Amino acid sequence: MSKQSKQTAISPCRADDYPEWYQQVIKASDLAERSSVRGCMVIKPWGYGLWENIMRVMDSLFKTTGVKNAYFPLFIPLSFLEKEAEHVEGFAKECAVVSHHRLEKGPEGNLVPAGPLTEPLIVRPTSETIIGDSFAKWITSYRDLPLLINQWANVVRWEMRTRIFLRTSEFLWQEGHTAHATREEAEERTRLMLDIYAQTAEEYLAMPVIKGHKTPSERFPGAVDTLSVEAMMQDYKALQSGTSHFLGQNFAKASQITYQTAAESEEYVWTTSWGSSTRLIGGVIMTHGDDNGIILPPKIAPSQVVLLPIIRKPKERDAVMHYTESLAQELKSINYHGHAIQVEIDNRDIGGARGWDWIKKGIPLRVEIGPRDIDAESVYIGRRDKDPKDRQSISRNQFVRELTTVLDDIQISLFERALALRKAHTQHIDDKRQFIDFFTPRNQEKPEIHGGFAYSHWCGAETCEAQIKNDLKVTIRCIPIEADQEKGTCIYCNQPSTQRVVYAKAY
RNA sequence: CGGGGCGUGGCGCAGCCUGGCAGCGCGCCUGCUUUGGGAGCAGGAAGUCGGAGGUUCAAAUCCUCUCGCCCCGACCA
């Protein structure tokens, strides 16, 4: 019985050791696990179901703006990457390289690579260059523009240190690539896709974000401008949750993507690229999770409801299961934001551990069904956004009737809770001393959760930015789009500034 | 790549200093008893102690080499 005295399902709790809490939550939730392959993860069915729903949401939003899906090769000739100078610089250090195409028995019976390739291939870290190669062939006339393409794929970036969902050597993502006749149109597309990321984050993941421009030092290698959406996690650190790049004509020139205008001149196209990844799942975990595990926003949860039949005596089994199955059927016919409610039935005979399993998995609603409920035509429900012990009995009819309303209510409560946290840990700071204090933990040995978002002025100099990063591990997350122009002086050097930027520690 | 730590049934660990039958908790399987909330009792399965070599009558333990992982830095969606 000692376990029953435990206060929370996840140990350590967030306040005690946030990074360890994150690992434990993932383990307890059955979302994913480390693979035997260095730096890689296995996404388990519950986690993949979550990703499928996120994909479904974004895919349909992309398509409403005219984007079509396609697929390009995993391998990119080394020479392609070399075409854009800054691009090479940015990605070269983290590329996996394929150098051979065959294995042979070695002297000790082990397999050794043989058949060296004449030109090594890299495993795509991103696909601008290989897609650019196709774009160059597909685009000849102004009538071919705009070209709006997206691909759902895996990419590989050989990171030094990895964390499940946040930074793994291989991850799943979508990358959109578009080509346009004019600069304005490409810039507009860059903004449009950023808005879709913000919409996905806020309306579906219940994760409030700030839209903004990256500073030159944080820009995508080869981009003219990088936009991002930034969310605050519960340790007050920022998570970049989607990026949209205006690439100017850099990649058009590198890949010779040209078109003929109506006036018969030959011009380079203007391109954009934009991506978001399984990292979003890490964002969901760290935005909504509590000390009992993850909490999934109903709109993207693989299942919204789990039914837990309570069978005390064998003779009750049939009646309880029948009631449970008929309720499941009824629920599955309910439309929730364009899709059927997904229902799980868990009749494992493992006592109370069953309920906790689903709490840790973050399912929005748990419904207990026992003989008493059947007699009363009722159900006993627990909401994941409330305390595990906070459950109530309501009539079956009312439950069915109000189900989508309750789910929407959970969705909204999660968003508002996250927004409140962000507000509580966001400050306008104009004093350098105060700025340093804000980002300095009181306990240097074992830093407590501290900091947040600081809206402060920046002179625009890379040296100030670098100094702050060096001194405090704080970076400029973005130059917010939706903010007033306001004159001030740089938080670090006192030089004039035209706008506040968002400073934070980041993932 | 620099600094630190760790590799022992599925998971978490003890045992190592001082060599002597491979253990504990959880999980898993079976049976009985329980059942509105993380059950109890009994029985059971599951380990070449990361790998290779060495010292020894005897190695999880000592020595050498090696591989992998985790944490802190630098790098990054």
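Just so you know, these numbers come straight off a predicted model, no measurement behind them.
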Span that lies between the C1' atom of C21(B) and that of A60(B), in whole angstrom: 14 Å
Discussion item. Heavy atoms only, 4.0 Å cut-off, all strands: where does Ile311(A) land among base, sugar-phosphate and nothing?
Written reply: base
Quick one: label Pro371(A) by what it contacts on the DNA or RNA (base, sugar-phosphate, nothing), any heavy atom closer than 4.0 Å. base
Q.
Could you check whether Ser273(A) and His177(A), counting side-chain N and O atoms only, form a donor-acceptor pair closer than 3.5 Å?
A. no
Just N and O in the side chain of Arg34(A): are any of them under 4.0 Å from OP1 or OP2 of C70(B)? yes
Task: Short N-O contact, Arg191(A) and Asp195(A), less than 4.0 angstrom - done: yes
* Asked: Is the ring centre of Phe251(A) less than 6.0 Å from the ring centre of His87(A)?
  -> yes
Original post:
Hey, does the side chain of Lys93(A) come within less than 4.0 Å of A74(B)'s phosphate (OP1/OP2), counting only N and O?
Top reply: no
Rounded to whole angstrom, note down the P distance from G15(B) over to C70(B). 24 Å
Scan Lys473(A) against the nucleic acid and name what it touches under 4.0 Å (heavy atoms): base, sugar-phosphate only, or nothing.
-> sugar-phosphate
With a 6.0 Å cut-off on ring centres, are Trp358(A) and Trp46(A) close enough? yes
Of the candidates G36(B), A77(B), G73(B), the side chain of Asp373(A) sits closest to G36(B)
Among the nucleotides G36(B), C70(B), A77(B), whichever has the atom closest to the side chain of Tyr380(A) is G36(B)
